[in-house]
Colleague: 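The structure follows.
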Amino acid sequence: MDSKYQPQLVEEKNYQEWEEKGFFEAKISNKKPFSIILPPPNANADLHLGHAMYVVEDVMIRYHKLLRDEVLWLPGADHAGFETQFVFEKYLKSQGKSRFDFNRETLYQMIWNFVMDNRQNMEDQLRRLGFALDWQKKKFTMDKDIIKIVYDTFKKLYDQGLIYRAKKLVNYCTFCGTSFSDLEVVYKERKDPLFYMKYGPFTLATTRPETKFGDTGVAVNPKDKRYKKWVGQEVEIEGLIGKFKVRVVADESVDPKFGTGVVKVTPAHDFSDFETGQRHNLPMKQIIGYDGKLNKLTGPYQGLYVNEARKKVVEDLKAKGLMIKIKEDYKHRVGTCYKCGRIIEPLPKEQWFIKVRPLADSAKKLVEKEEIKIYPKRFKKILIWWLDNFRDWNISRQIVWGIRIPAYFCQSKEKWFIAVEPPVQCNICGKKDFIQDEDTFDTWFSSAQWPFATLMTVGKNNFFNYFYPTSVMETGYDILPWWVARMIMIGYYTTKKVPFKTVFLHGLVRDRSGKKMSKSKGNVINPMDMVDKYGADALRLSLIFGTKEGNDLPFFENKVIGMRNFVNKVWNIGRFIFINRQVKSEKLKVKSYNSKLKIIKDLNKEFKEEKKKYLKMMDGYRFSQALGLIYEFLWHRFADYYIEQLKGEVINGNIEALESLKEVYLENLKMLHPFAPFVTEAGWKVFNKENSSILLERLKG
RNA sequence: GGAUCGUUAGCUCAGCGGUAGAGCACUUCAUUCACAUUGAAGGGGUCGUAGGUUCAAAUCCUACACGAUCCACCA
């Protein structure tokens with residue numbers, strides 16, 4: 001036994017042993033099932049500290065293994081459609097290429113290979129963190145059987161009228177070349193000029209004068225006396241490419257106090273105007289293309305990017321005397337692409353939408369009735385807020401990397417049909433002139449099905465029934481609306497059961513000063529570096545020790561060092577007991593001993609209390625507190641007090657004392673094992689046979 | 001505009017109704033005896049402010065201040 005605990009000597013070896021002996025494998029048994037589906041990391045990059053937070057799941061998993069439940073922790077990888085394509089395009093760019101240099105099939109294949117390499121790497125990193133994942137059952141969001149299920153769900157939703165195709169305004173990033181759902185838009189405050197321009201008989205304020213070419217109406221508030229006489233009339237507007245006529249409509253959404261109380265309505269390029277247009281039957285006139293440039297309807301402005309066009313329009317309006325005044329530095333919020341940061345252009349586009357309301361309403365009931373429990377409690381309110389506020393979900397993405405939408409367009413009847421298997425002939429007209437939608441699904445559409453899709457495609461028939469609903473969904477609170485809410489909606493819709501009984505949310509790992517870690521800030525800490533330097537246990541403990549469930553946690557190397565020291569302490573406590581037992585090995589044959597000394601009684605009593613508290617905390621998801629309890633007990637009570645007090649006795653050959661210490665120590669190893677699997681396993685093996693494992697022990701009873 | 005979190009020792013944070021805690025940092029001492037990735041002792045806080053509830057409040061309630069985060073179609 002070395003005087004220092006050396007993680008490098010045990011981690012890889014023990015993990016291999018666990019995996020090879022099948023300790024992580026779940027099967028159907030008569031035991032109580034406990035299951036967690038690992039949130040599948042994106043198979044496009046190294047793990048970051050956020051992924052290391054899944055250690056919370058390993059804590060639950062190993063704890064339940066020690067309670068001797070039938071435990072499943074199912075790993076997977078996410079193809080992460082748009083995210084991955086974005087990463088890959090960056091790589092292409094570094095090679096002096098772009099996605100436009102390849103055809104669809106080639107690009108897809110290249111990304112496939114890229115993802116497979118990264119996936120292997122990512123999985124190895126999960127192993128290095130010590131995660132007790134059932135690798136035999138690993139799934140990928142693009143496995144054929146998963147795609148089949150995703151297609152089934154799509155078809156069922158379509159057949160039941162919950163998916164529709166419509167030309168609506170969508171959030172479109174002209175740089176990334178795809179539309180997004182509402183959640184992928186990040187609203188940022190910025191200062192722009194507010195232009196007051198002459199508009200027929202009115203003056204109105206706008207931040208986007210270049211959209212004037214797409215105006216098809218003018219709106220005022222119905223109660224606004226100033227403009228009452230115009231309502232319903234057609235007015236002639238002096239434009240930059242000639243005069244045009246628009247109808248004046250009265251709409252509640254217009255705030256009479258803002259600007260002049262008059263709004264130009266551009267239904268094709270503004271969400272609010274789109275709705276106004278719908279209410280008053282105003283036509284849509286698209287003047288901006290998907291390339292971000294003005295189109296031919298704008299005459300001489302055609303081909304200009306929106307920004308350039310705005311400058312030119314402003315100059316020309318001034319020249320024509322149509323610009324009345326400009327208020328600089330007007331503060332407002334603009335939607336930007338969450339990925340590239342550029343301004344999102346609302347554009348009309350035909351896409352597939354999920355009618356979310358019915359799904360969200362039933363999901364809300366489940367959460368309210370606590371058929372799904374949320375920890376920490378405060379997130380229940382937030383989840384319900386989201387379920388109340390979801391709008392229809394655009395699931396079409398104009399990217400190559402993803403699950404191709406199984407929708408086909410019949411050219412002769414001009415209708416769409418859905419087919420789970422690639423159709424041989426058109427389902428509508430029976431001929432062969434149909435084409436498949438070019439688009440792929442929003443990744444979250446497949447992710448939303450992950451709990452049931454995985455369990456339906458691993459193991460034998462009853463596997464699903466045995467482990468579903470899963471016990472806990474554990475993930476970061478930042479993806480509550482993206483993922484958790486949608487899993488509840490789609491999971492319940494498909495299986496008529498909740499996908500998980502409990503949601504447990506952890507906080508975000510931040511840097512020492514509480515800032516978000518990001519490459520651009522240069523404050524990123526690589527979890528694998530921490531494992532290399534201090535061992536996986538130290539890293540794991542540092543992510544749990546002293547953190548409050550659901551709160552963000554600052555992370556810094558000193559914290560890991562502190563935990564490394566604790567791990568070493570745990571090791572050396574064992575070493576002390578071990579060495580003394582070797583010395584006294586003849587006497588140990590005397591099996592019976594009783595705890596006559598008062599201090600031994602005190603020790604046993606204190607340990608009993610510790611364990612009772614520990615079990616309560618673990619069952620109540622208070623992992624940080626449970627760990628704090630063991631830390632305090634093992635170090636400051638057991639080592640600093642009891643061992644010191646009993647040292648003399650032990651050295652004088654008091655077998656009772658020595659064996660009492662051993663018993664309490666080994667029990668504490670079990671209790672610590674969920675948090676620090678490696679050092680506890682190593683310690684266990686010292687006192688037991690080399691091929692024994694702490695994972696096979698029982699914590700209760 | 002709505003919502004959530006935070007404000008406790010120099011730093012980072014636990015505690016959340018009953019004599020102020022941890023880690024790191026700091027001071028002094030110890031050290032062939034499991035561990036210097038150690039031990040012992042110590043300094044350091046009127047627990048953001050103001051009210052309220054209670055025998056008792058860092059802990060519950062109500063305001064307010066400051067900080068952070070999420071959400072919202074002011075053209």
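Each chain gets a letter, A, B and so on, in the order the sequences are listed, and its residues count up from 1.
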Colleague: Identify, with sequence neighbours excluded, every residue that meets side chain to side chain donor-acceptor pair (under 3.5 Å) alongside Q286(A).
Modeller: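 With neighbours one apart ignored, the set is empty.
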
Colleague: Let me know the distance between CZ of F576(A) and P of rU38(B), rounded to the nearest Å.
Modeller: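 For the pair F576(A) CZ and rU38(B) P, the rounded distance is 18 Å.
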
Colleague: Taking side chain to side chain donor-acceptor pair (under 3.5 Å) as the definition, give me every residue that meets it alongside R512(A), ordered by chain and number, with sequence neighbours left out.
Modeller: none

Colleague: For the pair made of CD in E557(A) and C1' in rA25(B), what is the distance, rounded to whole Å?
Modeller: 16 Å

Colleague: What is the distance from NZ of K569(A) to P of rA34(B), rounded to the nearest Å?
Modeller: 11 Å

Colleague: If I pick the C1' atom on rG2(B) and the same atom on rC60(B), what distance separates them, to the nearest angstrom?
Modeller: 25 Å

Colleague: Looking only at side-chain atoms of I573(A), point me to the closest of rA34(B), rG23(B), rU4(B).
Modeller: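 So the nucleotide nearest the side chain must be rA34(B).
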
Colleague: Go through the structure and list residues passing side chain to side chain donor-acceptor pair (under 3.5 Å) with D511(A), not counting sequence neighbours.
Modeller: S513(A), N523(A)

Colleague: For RNA chain B, please output the secondary structure as dot-bracket, reading 5' to 3'. Pairs are Watson-Crick or G-U wobble, both atom distances under 3.5 Å; mark crossing pairs with [ ], other-strand partners with |, unpaired with a dot.
Modeller: (((((((..((((....[..)))).(((((.......))))).....(((((..]....))))))))))))....

Colleague: Pull out every protein N or O sitting under 3.5 Å from an N or O of nucleotides 70-74 of chain B, one pair per line with the distance.
Modeller:
{"unit_1": "rA72(B)", "atom_1": "N7", "unit_2": "R333(A)", "atom_2": "NH2", "d": "3.0"}
{"unit_1": "rA72(B)", "atom_1": "N6", "unit_2": "R333(A)", "atom_2": "NE", "d": "3.4"}
{"unit_1": "rA72(B)", "atom_1": "N6", "unit_2": "R333(A)", "atom_2": "NH1", "d": "3.2"}
{"unit_1": "rC73(B)", "atom_1": "OP1", "unit_2": "R391(A)", "atom_2": "NH2", "d": "3.2"}
{"unit_1": "rC73(B)", "atom_1": "O2", "unit_2": "S272(A)", "atom_2": "OG", "d": "3.3"}

Colleague: Under 4.0 angstrom, heavy atoms only, what part of the nucleic acid is F379(A) near: base, sugar-phosphate, or nothing?
Modeller: nothing

Colleague: Sequence neighbours left out, what pairs pass salt bridge (Lys or Arg N to Asp or Glu O under 4.0 Å) with at least one residue falling in residues 621-633 of chain A?
Modeller: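 Output for this query is empty, none listed.
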
Colleague: Have a look at H269(A) and say if it touches a base, only the backbone sugar-phosphate, or nothing, with a 4.0 Å heavy-atom cut-off.
Modeller: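 The residue H269(A) makes no contact with any strand.
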
Colleague: Does a side-chain N or O of N565(A) approach OP1 or OP2 of rU38(B) to a distance below 4.0 Å, or not?
Modeller: yes

Colleague: Any side-chain heavy-atom pair from D640(A) and W635(A) closer than 4.5 angstrom?
Modeller: yes

Colleague: Pick base, sugar-phosphate or nothing for I643(A), based on heavy-atom distances below 4.0 Å to the nucleic acid.
Modeller: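 It contacts base atoms.
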
Colleague: Quick check on RNA chain B: between E632(A) and I561(A), whose nearest nucleotide comes earlier from the 5' end?
Modeller: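 Nearer the 5' end of the strand: E632(A).
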
Colleague: Expressed as a whole number of angstroms, how long is the span from Y338(A):OH to rU69(B):P?
Modeller: 20 Å

Colleague: When rounded to the nearest Å, what value does the distance between C1' atoms of rA3(B) and rA72(B) take?
Modeller: 11 Å

Colleague: Mind calculating the distance between NZ (K515(A)) and P (rG6(B)) to the nearest angstrom?
Modeller: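 Spelled out: NZ on K515(A) to P on rG6(B) is 20 Å.
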
Colleague: Within this structure, what is the CD-to-C1' distance between E649(A) and rC33(B), rounded to whole angstrom?
Modeller: 16 Å

Colleague: Taking the side chain of D640(A) as heavy atoms from C-beta outward, which of rA40(B), rU37(B), rG23(B) is closest to it?
Modeller: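 When the side chain of D640(A) is considered, rA40(B) is the closest of rA40(B), rU37(B), rG23(B).
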
Colleague: If the C1' atom of rU8(B) is compared with that of rC47(B), how far apart are they to the nearest Å?
Modeller: 4 Å

Colleague: When the P atoms of rA40(B) and rC35(B) are considered, how many whole Å apart are they?
Modeller: 15 Å

Colleague: Counting any heavy atom closer than 4.0 Å, what does E644(A) reach on the DNA or RNA strands: base, sugar-phosphate only, or nothing?
Modeller: base

Colleague: Taking rG42(B) as the reference, what is the distance to rG23(B) when you measure between their P atoms (whole Å, please)?
Modeller: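 Here rG23(B) and rG42(B) have their P atoms 14 Å from each other.
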
Colleague: Rounded to whole angstrom units, what separation is found between the CG atom of N572(A) and the C1' atom of rC35(B)?
Modeller: 4 Å

Colleague: Could you please name the option among rU37(B), rU4(B), rC24(B) that lies closest to any side-chain atom of K381(A)?
Modeller: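 Selected nucleotide (nearest to the side chain): rU4(B).
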
Colleague: Please, which pairs that meet salt bridge (Lys or Arg N to Asp or Glu O under 4.0 Å) have at least one residue in residues 543-560 of chain A, sequence neighbours excluded?
Modeller: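 Only R510(A)-D552(A), K533(A)-E557(A) qualify under salt bridge (Lys or Arg N to Asp or Glu O under 4.0 Å).
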
Colleague: State whether F353(A) and K168(A) meet the cation-pi test: NZ (Lys) or CZ (Arg) under 6.0 Å from the six-membered ring centroid, and within 45° of the perpendicular axis.
Modeller: yes

Colleague: Which salt bridge (Lys or Arg N to Asp or Glu O under 4.0 Å) pairs, counting each pair once, include a residue from residues 260-284 of chain A, with sequence neighbours left out?
Modeller: D215(A)-K264(A), D251(A)-R279(A), E275(A)-R391(A)

Colleague: Measure from the side chain of W635(A), starting at C-beta and using heavy atoms only, and say which of rG39(B), rU37(B), rA34(B) lies closest.
Modeller: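 The answer is rG39(B), which lies nearest to the side chain.
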
Colleague: Among rU37(B), rA40(B), rA34(B), which is the nearest nucleotide to the side chain of K647(A)?
Modeller: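 The answer is rA34(B).
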
Colleague: What residues, two or more places apart in sequence or in another chain, satisfy side-chain contact (heavy atoms from CB on, under 4.5 Å) together with K364(A)?
Modeller: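 With neighbours one apart ignored, the set is E368(A), I384(A), L387(A), D388(A).
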
Colleague: Indicate, yes or no, whether a donor-acceptor pair under 3.5 Å links the base of rU37(B) to the side chain of R564(A).
Modeller: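 Yes, a donor-acceptor pair under 3.5 Å.
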
Colleague: What are the two closest non-hydrogen atoms of D224(A) and R226(A), and how far apart are they?
Modeller: OD2-NH2, 2.8 Å

Colleague: I'd like to check the side chain to side chain donor-acceptor pair (under 3.5 Å) partners of S542(A); sequence neighbours left out, ordered by chain and number.
Modeller: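 Applying side chain to side chain donor-acceptor pair (under 3.5 Å) to S542(A) gives none.
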
Colleague: Do the ring planes of Y5(A) and W571(A) sit parallel (below 30°), tilted (30 to 60°) or perpendicular (above 60°)?
Modeller: tilted

Colleague: Under the salt bridge (Lys or Arg N to Asp or Glu O under 4.0 Å) rule, what pairs show up with a residue in residues 198-207 of chain A, not counting sequence neighbours?
Modeller: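 Matches after skipping sequence neighbours: none remain.
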
Colleague: Under 4.0 Å between any heavy atoms, over every strand shown, what does V254(A) touch: base, sugar-phosphate, or nothing? Just pick one.
Modeller: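 Base contact.
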
Colleague: Quick test: give all pairs of protein nitrogen or oxygen and nucleotides 9-15 of chain B nitrogen or oxygen below 3.5 Å, distance rounded to 0.1 Å.
Modeller:
{"unit_1": "rC13(B)", "atom_1": "O2'", "unit_2": "G546(A)", "atom_2": "O", "d": "2.6"}

Colleague: Quantified in whole Å, what is the C1' atom distance between nucleotide rA14(B) and nucleotide rA22(B)?
Modeller: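 Nearest-Å result for rA14(B) against rA22(B) at atom C1': 7 Å.
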
Colleague: Report the relative orientation of the aromatic rings in F202(A) and W230(A); use parallel for angles under 30°, tilted for 30 to 60°, perpendicular for over 60°.
Modeller: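 Perpendicular.
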
Colleague: If the C1' atom of rU49(B) is compared with that of rC13(B), how far apart are they to the nearest Å?
Modeller: 22 Å

Colleague: In this structure, how many angstroms lie between the P atom of rU37(B) and the CZ atom of R575(A), rounded?
Modeller: 14 Å

Colleague: Would you measure the distance from the C1' atom in rA65(B) across to the matching atom in rA50(B) and give it in whole Å?
Modeller: 10 Å

